[in-house]
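Heavy atoms only: backbone and side chains are in, while hydrogens, waters and symmetry mates are out.
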Amino acid sequence: MDMHLPAPADWIIVHSCLGHHFLLLLRKQERHEGHPQFFATMMLIGTPTQADCFTYRLELNRNHRRLKWEATPRSVLECADSVITDGDCLVLSTALAQLFCDDGGLAIGIAITATEACSSEAEM
């Protein structure tokens with residue numbers, strides 16, 4: 001993605017694993033006049049109950065730095081705007097995003113795992 005695009009801007013990537021489809025949403029928007037920030041969250045194409053069965057991790061690596069965010073995804077039935085407004089996502093200032101930027105691109109590693117409680121329910 002070109003992180004130098006003016007705000008507001010959204011990037012969405014579909015990720016399929018564990019029999020489900022997930023959306024990585026990266027949004028650039030101004031929370032305060034003239035200060036754009038980046039917000040990244042994972043959303044499950046499914047119900048909130050299904051989303052509770054997973055954990056996702058977002059990871060940025062560059063220039064001997066590593067930043068990780070781990071959380072439970074939200075369902076697409078919930079509003080992405082409320083996730084961002086609540087700050088329940090990875091939030092990067094422009095300066096912090098620059099530390100992980102490579103030629104204007106921000107590469108985000110994704111890992112998704114099923115929670116143990118849901119894994120054992122599926123085996124029953």
Side-chain angles (χ1 to χ4, degrees):
M1 58 148 263
D2 181 4
M3 63 179 277
H4 300 296
L5 289 174
D10 283 345
W11 296 267
I12 299 174
I13 298 169
V14 177
H15 186 76
S16 297
C17 67
L18 304 171
H20 293 273
H21 301 289
F22 298 84
L23 301 176
L24 171 63
L25 169 64
L26 179 65
R27 176 172 291 170
K28 181 179 183 180
Q29 76 178 41
E30 291 186 11
R31 272 232 174 137
H32 308 287
E33 189 77 26
H35 299 283
Q37 292 179 308
F38 293 88
F39 304 87
T41 190
M42 186 69 69
M43 303 194 81
L44 172 74
I45 299 177
T47 67
T49 302
Q50 289 172 315
D52 286 341
C53 289
F54 298 96
T55 299
Y56 74 93
R57 185 176 63 242
L58 305 178
E59 187 171 320
L60 296 147
N61 282 298
R62 178 120 171 88
N63 298 325
H64 306 290
R65 293 176 178 86
R66 178 179 301 187
L67 180 65
K68 291 183 183 182
W69 169 264
E70 190 170 308
T72 300
R74 297 288 191 91
S75 165
V76 294
L77 300 176
E78 299 176 61
C79 180
D81 291 338
S82 67
V83 174
I84 290 169
T85 301
D86 294 345
D88 188 16
C89 56
L90 174 63
V91 181
L92 301 168
S93 66
T94 303
L96 186 56
Q98 286 290 82
L99 292 175
F100 294 98
C101 176
D102 184 17
D103 280 334
L106 194 60
I108 301 174
I110 302 168
I112 300 171
T113 55
T115 60
E116 286 184 31
C118 292
S119 296
S120 50
E121 286 177 14
E123 293 172 5
M124 296 179 151

Can you check side-chain contact (heavy atoms from CB on, under 4.5 Å) on E70 and Y56, steps first, answer last?
CA-CA 6 Å; E70 190 170 308; Y56 74 93; over 6 Å; no
Does the side chain of [X] reach to within under 4.5 Å of the side chain of [Y], using non-hydrogen atoms?
X: L58; Y: I110; result: yes
X: I108; Y: L60; result: yes
X: L92; Y: Q37; result: no
X: F54; Y: M42; result: no

Residues, nucleotides or ligands: over 12 heavy atoms within 6.0 Å of H21 NE2
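Check fails, neighbour count at 12 or below.
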Do side-chain atoms of [X] reach the backbone of [Y] as a donor and acceptor pair under 3.5 angstrom?
X: S75; Y: G46; value: yes
X: T94; Y: P36; value: yes
X: T115; Y: C53; value: yes

Can you sort out the partners of N61 under side chain to side chain contact (heavy atoms under 4.5 Å, CB included), two or more places apart, ordered by chain and number?
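Here the qualifying residues are E59, R66.
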What closest approach, in Å, do F22 and P73 show between heavy atoms, and which atom pair accounts for it?
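Looking at all heavy atoms of both residues, the closest pair is CE2-CG, 4.3 Å.
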Interatomic spacing from [atom1] in [X] to [atom2] in [Y] - rounded to 0.5 Å:
X: L99; Y: H64; atom1: CG; atom2: NE2; result: 13.0 Å
X: D81; Y: Q29; atom1: CG; atom2: CD; result: 7.5 Å
X: S93; Y: F38; atom1: OG; atom2: CZ; result: 9.5 Å
X: W11; Y: L24; atom1: CH2; atom2: CG; result: 11.5 Å
X: L26; Y: L90; atom1: CG; atom2: CG; result: 8.5 Å
X: N63; Y: C101; atom1: CG; atom2: SG; result: 9.5 Å

Residues D52 and R74 bridged, charged N to O under 4.0 Å
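No, D52 and R74 are not salt-bridged.
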Mind checking whether I13 and V83 sit in one hydrophobic cluster, side chains of I, L, V, M, F, W, Y counted as touching below 4.5 Å?
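I13 and V83: separate clusters.
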Would you mind listing the cluster partners of V76? Hydrophobic ones only (ILVMFWY), side-chain contacts under 4.5 Å, chaining allowed.
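Via sub-4.5 Å side-chain contacts, V76 links to I12, V14, L23, L25, F39, M43, I45, I84, V91.
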